[in-house]
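Take a look at the structure below.
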Amino acid sequence: MWASKRPGPPAGGPQKKLVIKGLKALPTLPLSYKTDTLERLRSAVHAIQQNQPTTQGLEELYRDCEGLCLHKFASDVYEMLQTELEKYTRQQLLQIDRSPDTHAPAAILDQTRKFWDDYTQQLTMVRCVFLYLDRTYALQTTNVASLWAMGLSVVRQHLVETNMRSRLVRLFINEVTSERNGQLIDRPSLASIARMFIDLGLYAQSLQPSFIDATRDYYRSESLRMINYLVPIKQSAGVSAEARSSGPTDVPGYLNHVQRRLDEETQRVAQYLKPSTKSTLLATVLAELVEKHTEKLLGPNFDAMVDADMVSDLTNLYSLLLPVNKLDLLQQNWISYIKKTGLRMMQASDLEATLISGLLAFKRKLDNILSIAFQNNARLIGALREAFEMFINTRRSKPAQLIARHIDQCMRMGSKLAADDDIDDIFDRIIMLFRFIQGKDLFEAYYRRDLAKRLLYNKTLSTDTERLVLQKLKAECGAGYTNRLEGMLHDMELSLELSSEFAQKQPESAMNDIGFQGSVLTMAFWPTYEPMELVLPRQAEEAQNAFTELYAEKHKGRNLQWQHNLGTCLINVEFNEGSKELQLSHLQGTVMLMFAEQNELTYSQIQQSTGLENNELQRTLQSLACGKFRVLTKEPKGRDVDTSDTFHFNAKFKCPQARVKISQIATKEIEKESKELEAHIHLDRMYRVDAALVRIMKARKTLEHSDLVTELLKQLDFNVSTTEIKERVDTLFERDYVRRDDSNPSTYHYIA
Amino acid sequence: MAKGGDLQAWFIEYQDLDRTDGRVVIMPEGFEKLCDALEFNLEEIEPMVLLWKLNGVELATIEFEGWESGMRAMNVKDIKGLKAAILSTVQEFENDPVLFKTFYRKVFDYLRPEQQRSVSAEDAVAVLPVVTGNSWVFEKFVKYLQANSDSIKVISRDQWQSLLELSKALSPDLSNYSNEDAWPAMFDGFVDWAKNTKPEAAK
């Protein structure tokens with residue numbers, strides 16, 4: 001019983017064999033299988049398209065599709081689908097297209113949008129149902145697009161073939177134009193249309209180009225309209241930008257308008273266009289509104305804006321010109337404005353009083369505009385420098401003189417500088433102006449003269465400030481430049497020490513009538529002064545001699561030469577009104593003291609006693625007897641002093657102050673001084689030219705005239721005319737440094 | 001060929017025998033006498049050329065060495081020959097500007113006082129017309145010197161030499177002169193003045 005595991009035939013019966021035979025005939029499809037199924041599917045598609053439920057369930061439909069595909073009817077299914085989609089699309093779109101333009105154009109767009117939304121939804125569903133077809137037949141057969149792609153191309157074909165595409169584009173653009181003109185439109189609708197075009201692959205080839213063209217036309221005419229009616233800028237810049245944009249506007253208003261348009265277009269892209277359109281769009285707007293009309297925006301309008309400090313409008317201008325590469329033009333206008341205005345300032349009639357403060361204010365204003373509106377653009381900064389250098393040097397020596405004077409005024413006691421002013425900043429700005437002048441040697445000469453006066457007459461506000469300025473000058477021009485100036489300061493320091501030492505050493509008796517302070521000036525540092533003969537009052541002379549002795553002890557081998565024209569003194573004088581302290585020069589003081597003994601003196605007596613020359617004596621007596629403070633009287637009366645005049649002590653002299661300073665120097669003296677200074681510098685310069693010429697010729701041996709001139713001008717820091725150069729070359733001929741070439745007279749040879 | 005002895009004898013005819021300084025020279029009087037013998041007008045160019053050819057050391061002063069070498073160089077032994085040689089040199093000036101230039105430059109040294117480097121404007125005014133005859137630039141320049149006799153006192157060597165170049169280069173309407181060129185500074189003033197007095201030239 002347990003012998004075999006194999007299932008065998010049931011016990012007791014004969015073995016049966018199971019035989020399997022193939023079918024005798026293949027099962028055939030029902031004849032109408034294909035058409036029926038297709039029909040079912042077709043109805044389903046219709047139902048989807050009509051937004052109605054399908055008679056079959058989606059699962060069934062899927063199987064239908066799968067079945068047809070398995071039975072190799074896939075292409076029929078595909079064809080059917082395509083046909084149905086085409087029919088539907090045609091029907092829908094033709095209907096939309098039928099309504100004429102005038103009848104609510106926006107409606108057409110809206111209907112198209114609705115169509116598109118529905119269509120895409122339907123297509124999604126269709127694809128779900130026919131997924132098997134999509135994944136097998138469509139995918140594996142070349143030249144057969146996926147269902148989705150096919151669905152899109154159906155619409156695309158239709159639009160292109162019926163020209164509805166152009167119509168849609170046109171309507172789209174009309175809407176945009178309306179919006180640009182200020183009307184409200186249906187933005188989401190436009191966004192859908194745009195998306196439709198994008199999905200259909202028609203955006204880049206149809207919609208965008210037409211849109212850009214339309215934009216270009218729109219802004220072209222807008223700009224022409226506005227530019228042709230630009231009004232000049234009124235200086236009353238308080239008018240608000242908004243008020244300006246209606247009706248004719250000025251340049252700032254126009255600029256604001258451009259900014260607004262740019263913002264608008266940026267928004268537009270964000271709302272209903274493809275982001276990639278943005279850069280072309282903005283470039284087009286800028287080209288039409290700004291680039292084509294740059295000249296009109298600059299010119300006198302630019303000048304007016306800078307004049308009136310319209311910084312925010314200038315910022316606008318800059319930010320608009322930057323992307324259209326018109327900064328070159330801006331730079332030209334910038335330079336021309338600065339030069340024009342600067343030249344005008346240099347020619348002003350009240351130059352002496354106003355130039356420096358005017359220039360400082362001008363530079364400050366321009367710097368401000370540069371940093372805020374022009375974003376510190378390097379080329380514009382360089383342009384400013386160039387322009388300043390050009391116009392400042394149109395008046396050869398004035399700038400040097402006036403800047404030195406300006407600093408002088410700042411340094412003196414009672415200057416306009418307040419205690420909390422930023423001294424550093426103020427002088428930095430002055431140095432900035434100084435940087436532009438050619439011929440800084442002239443400035444140093446003026447500065448030295450002014451510094452000398454400040455130091456000798458004790459007018460300087462603070463030695464620290466003096467040193468500060470010298471440091472800045474040194475930083476600007478090198479150590480050699482401020483050598484003499486620093487020497488002068490040092491001299492004063494040493495003199496103070498020496499004077500106090502002197503005061504201590506004097507026996508009391510000798511000094512009880514008179515206080516004495518001496519300043520020792522190192523000749524090389526200070527300006528040259530004419531030595532002057534003067535016979536001092538005895539006590540003064542004694543003190544002077546004692547000081548000289550003391551100095552000689554300390555510095556053997558050095559000579560002191562007393563400069564009487566530089567000395568000052570304080571003298572107490574009893575007038576009827578009371579005792580007054582007169583602050584006088586040595587010359588004046590010496591003369592006054594004579595009247596301590598006598599009430600009346602003639603010119604010749606005074607001259608004999610003081611030993612002064614006519615020139616000096618007349619000047620001195622004039623200041624005492626014919627000026628503002630008449631401590632002497634003159635007979636005969638008059639402004640000028642004659643050698644035959646007689647002088648009386650004026651006991652009746654009245655003055656509210658207790659201390660009176662009587663100035664010795666008349667204005668024409670100062671002018672004469674300036675002329676001498678400039679003549680001296682001129683001479684100096686000619687020597688420098690000679691030295692430079694010799695240097696150059698020695699190095700080059702042979703040189704053409706024009707090349708020599710070019711080299712020379714490179715080496716000099718001041719301007720010199722060709723005539724002056726030729727004159728110097730003439731002297732070089734005379735001194736046998738150079739000779740002319742025999743055959744070519746404009747070539748020079750160095751004579752070794 | 002003149003023998004050394006002949007030249008010497010000839011020289012002695014004109015030599016200044018009153019000299020006490022031992023120099024062997026022909027001085028102004030002798031020179032005049034020579035020019036007379038040659039039938040040369042002292043107001044014209046020939047005497048100057050004579051001086052030059054005989055290597056004169058100063059105006060109207062000829063030393064024997066110069067006399068001798070000059071005569072030999074010209075291959076001259078008597079008055080007739082000398083006269084012919086001088087006249088032919090003057091002729092040559094027309095065709096040989098380089099020769100004239102050498103002569104012209106030497107004239108400056110003759111006019112120049114020995115210790116000085118320049119020639120007085122007065123002397124220049126007197127001599128230039130003689131030496132440069134019919135050149136309009138020199139004529140005008142002489143007028144210029146005369147017009148500015150209180151401000152222009154001397155002519156430097158460079159100015160003298162450059163004047164010759166100017167006479168060749170300057171156009172009659174003065175249009176091709178520029179202050180930027182390498183001409184001596186004084187010429188700038190001269191051309192300006194000439195431009196302002198142009199109507200005269202048109203006469």
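By convention in this document, chain letters (A, B, ...) are assigned in the order of the sequence lines, proteins followed by strands, and residues within each chain are numbered from 1. Not measured: the values here are computed from a predicted model.
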Rounded to the nearest 0.5 angstrom, the CD-CZ distance for Glu165(B) and Arg740(A) is 9.0 Å
(Q) Please determine whether the number of non-hydrogen atoms from other residues, nucleotides or ligands lying under 6.0 Å from atom CD of Gln347(A) exceeds 12. (A) yes
- Task: For atom CD of Glu29(B), decide whether the heavy atoms of other residues, nucleotides or ligands shown that lie under 6.0 angstrom number more than 12.
- Result: no
Applying a strict 4.5 Å limit to non-hydrogen atoms, the region of Asp742(A) in contact with chain B is both
Enumerate donor-acceptor pairs with a distance under 3.5 Å from any side-chain N or O in residues 43-66 of chain B to protein atoms, sequence neighbours excluded.
residue: Asn55(B); atom: ND2; partner: Gly66(B); partner atom: O; Å: 3.2
residue: Asn55(B); atom: ND2; partner: Ser69(B); partner atom: OG; Å: 3.3
residue: Thr61(B); atom: OG1; partner: Leu59(B); partner atom: O; Å: 3.1
residue: Glu63(B); atom: OE2; partner: Arg23(B); partner atom: NH2; Å: 3.3

For Lys701(A), does the NZ atom sit with more than 12 other heavy atoms under 6.0 Å from it, leaving out its own atoms?
yes
* More than 12 heavy atoms of other residues, nucleotides or ligands under 6.0 Å from OH of Tyr481(A): is that the case? -> yes
Residues of residues 331-344 of chain A with a heavy atom under 4.5 Å from any heavy atom of chain B, in residue-number order, are none
Side chains of Thr722(A) and Asn179(B): closer than 4.5 Å at any heavy-atom pair?
no
Between the OG1 atom in Thr731(A) and the CG atom in Asp158(B), the distance rounded to the nearest 0.5 Å is 11.0 Å
Side-chain (Lys726(A)) to main-chain (Trp183(B)) donor-acceptor, under 3.5 angstrom: yes
Pair Asp181(B)-His705(A), side-chain contact (heavy atoms from CB on, under 4.5 Å): steps then yes or no: CA-CA 7 Å; Asp181(B) 291 337; His705(A) 174 82; 5.8 Å; no
If one checks every heavy atom of Ser156(B) against chain A at 4.5 Å, the contacting part turns out to be both
Ordered numerically, the heavy-atom neighbours of chain A under 4.5 Å found in residues 106-123 of chain B are Arg117(B), Ser118(B)
Please determine whether the number of non-hydrogen atoms from other residues, nucleotides or ligands lying under 6.0 Å from atom NZ of Lys168(B) exceeds 12. yes
With sequence neighbours left out, the residues meeting side chain to side chain contact (heavy atoms under 4.5 Å, CB included) with Gln146(B) are Val125(B), Val142(B), Lys143(B)
Okay, Thr723(A) and chain B: the region with an atom under 4.5 Å from a heavy atom over there is both
